[in-house]
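Let me begin by presenting the structure, written as structure tokens, before commenting on it.
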Amino acid sequence: MNIEKIKHSIRNVSDFPIPGIQFKDVTTLFKDADCLVELSDGLYEMYKNSGITKVVGIESRGFIMGPILATRLHVGFVPIRKSGKLPAAVYEESYEKEYGLDTIQIHKDALTENDVILLHDDLLATGGTMLAACKLVQKFNPRKILVNFIVELEDLKGRLTFEKNIRVDSVIKYNI
Ligand code: AMP
């Protein structure tokens, strides 16, 4: 995978959504056909031999590469959504955000204990969002959980929040 090419396609927006944040904008990656295909091919190579049976994406930026990768792997895609969006019975998990609690949900019939699950989101910062997603997925007692991000903000050490038996990969790493 041409990491430098993909890295250069990600736009940095200073002070968004609040002063002091360096926002990594992946929309500029997605709009570039060569970068999108490069990332899709690269992720497929990373996971093609991992026995993945479902890709689980986190709302909302995990809903872009998640289904693309699921298609490449020829497996199903499952959404984790913000509270109140999924229509059928759900499991839910709450976690701390900057301003109070946030809640995410998954359909109770979305996964089984036979699944090998690849959790995907665009970016790893503190890890709070993905840790809550891992807890949701663990309710199904799956065979294995793997975690993938396009971007990792290494200085925030978010990957230390995950259990040691969970494989955590990121494509692009930044030190901010
Ligand atoms: P965290 O739970 O702290 O790991 O934050 C991860 C979530 O917040 C992801 O869904 C990201 O899309 C978003 N996020 C946090 N920080 C940034 C950033 N600097 N640039 C872009 N997205 C971010």
Side-chain angles (χ1 to χ4, degrees), residues 3-32 35-36 38-40 42-43 46-47 54-70 77-86 90-107 110 117-139 145-176:
I3 303 289
E4 282 308 306
K5 179 181 168 129
I6 295 173
K7 192 169 191 173
H8 279 115
S9 73
I10 298 171
R11 171 166 55 193
N12 190 82
V13 182
S14 297
D15 301 322
F16 181 88
I18 54 171
I21 300 289
Q22 299 296 324
F23 192 87
K24 303 302 176 195
D25 178 15
V26 287
T27 66
T28 45
L29 186 173
F30 296 146
K31 81 171 178 180
D32 182 316
C35 288
L36 189 58
E38 183 82 22
L39 182 60
S40 168
L43 290 174
M46 282 168 75
Y47 295 108
K54 289 279 188 307
V55 175
V56 178
I58 303 176
E59 185 174 5
S60 57
R61 285 186 292 270
F63 289 1
I64 300 170
M65 280 320 291
I68 291 173
L69 182 54
F77 175 78
V78 169
I80 287 179
R81 297 210 62 184
K82 308 269 167 61
S83 187
K85 305 279 190 185
L86 290 171
V90 294
Y91 293 121
E92 67 179 29
E93 219 25 82
S94 295
Y95 61 103
E96 288 281 348
K97 293 280 275 188
E98 287 137 308
Y99 308 107
L101 281 183
D102 221 348
T103 300
I104 53 175
Q105 300 180 327
I106 190 169
H107 274 143
I117 292 160
L118 178 60
L119 269 163
H120 168 79
D121 200 2
D122 69 324
L123 184 138
L124 171 62
T126 66
T129 309
M130 187 56 89
L131 186 61
C134 281
K135 287 179 184 168
L136 269 185
V137 163
Q138 278 165 336
K139 293 182 196 293
I145 301 173
L146 298 86
V147 170
N148 171 268
F149 303 93
I150 303 170
V151 176
E152 175 175 1
L153 305 182
E154 279 191 311
D155 290 347
L156 297 178
K157 302 192 186 322
R159 67 166 53 235
L160 300 180
T161 61
F162 303 109
E163 291 173 15
K164 295 286 169 288
N165 61 336
I166 295 180
R167 172 180 156 191
V168 179
D169 298 309
S170 61
V171 176
I172 308 292
K173 294 165 182 29
Y174 288 96
N175 291 292
I176 46 176

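One-based numbering, in listed order, for ligands and for the atoms of each.
A salt bridge is defined here as a Lys NZ or Arg NE, NH1 or NH2 lying under 4.0 Å from an Asp or Glu carboxylate O, and D155 with K157 fails to meet this definition.
The closest non-hydrogen atom to atom 13 (C) of ligand 1, taken over E59, K24, R61, comes from R61. Residue D121 holds the heavy atom nearest to atom 9 (C) of ligand 1 of all those in V26, T129, D121, I58. Distances from atom 23 (C) of ligand 1 to the heavy atoms of N12, I10, L123, D122 put L123 nearest.
Between the side chain of E96 and the backbone N or O of L101 there is no donor-acceptor pair closer than 3.5 Å.
The cationic atom of K135 (NZ for Lys, CZ for Arg) does not lie both less than 6.0 Å from the six-membered ring centre of Y95 and within 45° of the ring axis.
For atom 8 (O) of ligand 1, the nearest non-hydrogen atom of the protein is K97 NZ, 4.4 Å. In terms of protein heavy-atom proximity, atom 3 (O) of ligand 1 is nearest to T126 OG1, 2.6 Å.
Side chains of T103 and S94: a donor-acceptor N/O pair is present below 3.5 angstrom, by distance only.
Aromatic ring orientation, F149 versus F162: tilted (interplanar angle from 30° to 60°).
At a heavy-atom distance under 4.0 Å, only backbone atoms of Q22 (N, CA, C or O) approach ligand 1.
Of the residues I10, L153, V26, I172, the one that meets the side chain to side chain contact (heavy atoms under 4.5 Å, CB included) test with L123 is L153.
Below 3.5 Å of separation, one finds an N or O of G127 facing an N or O of ligand 1.
Residue contacts with ligand 1: V151 is excluded, as none of its non-hydrogen atoms falls under 4.0 Å.
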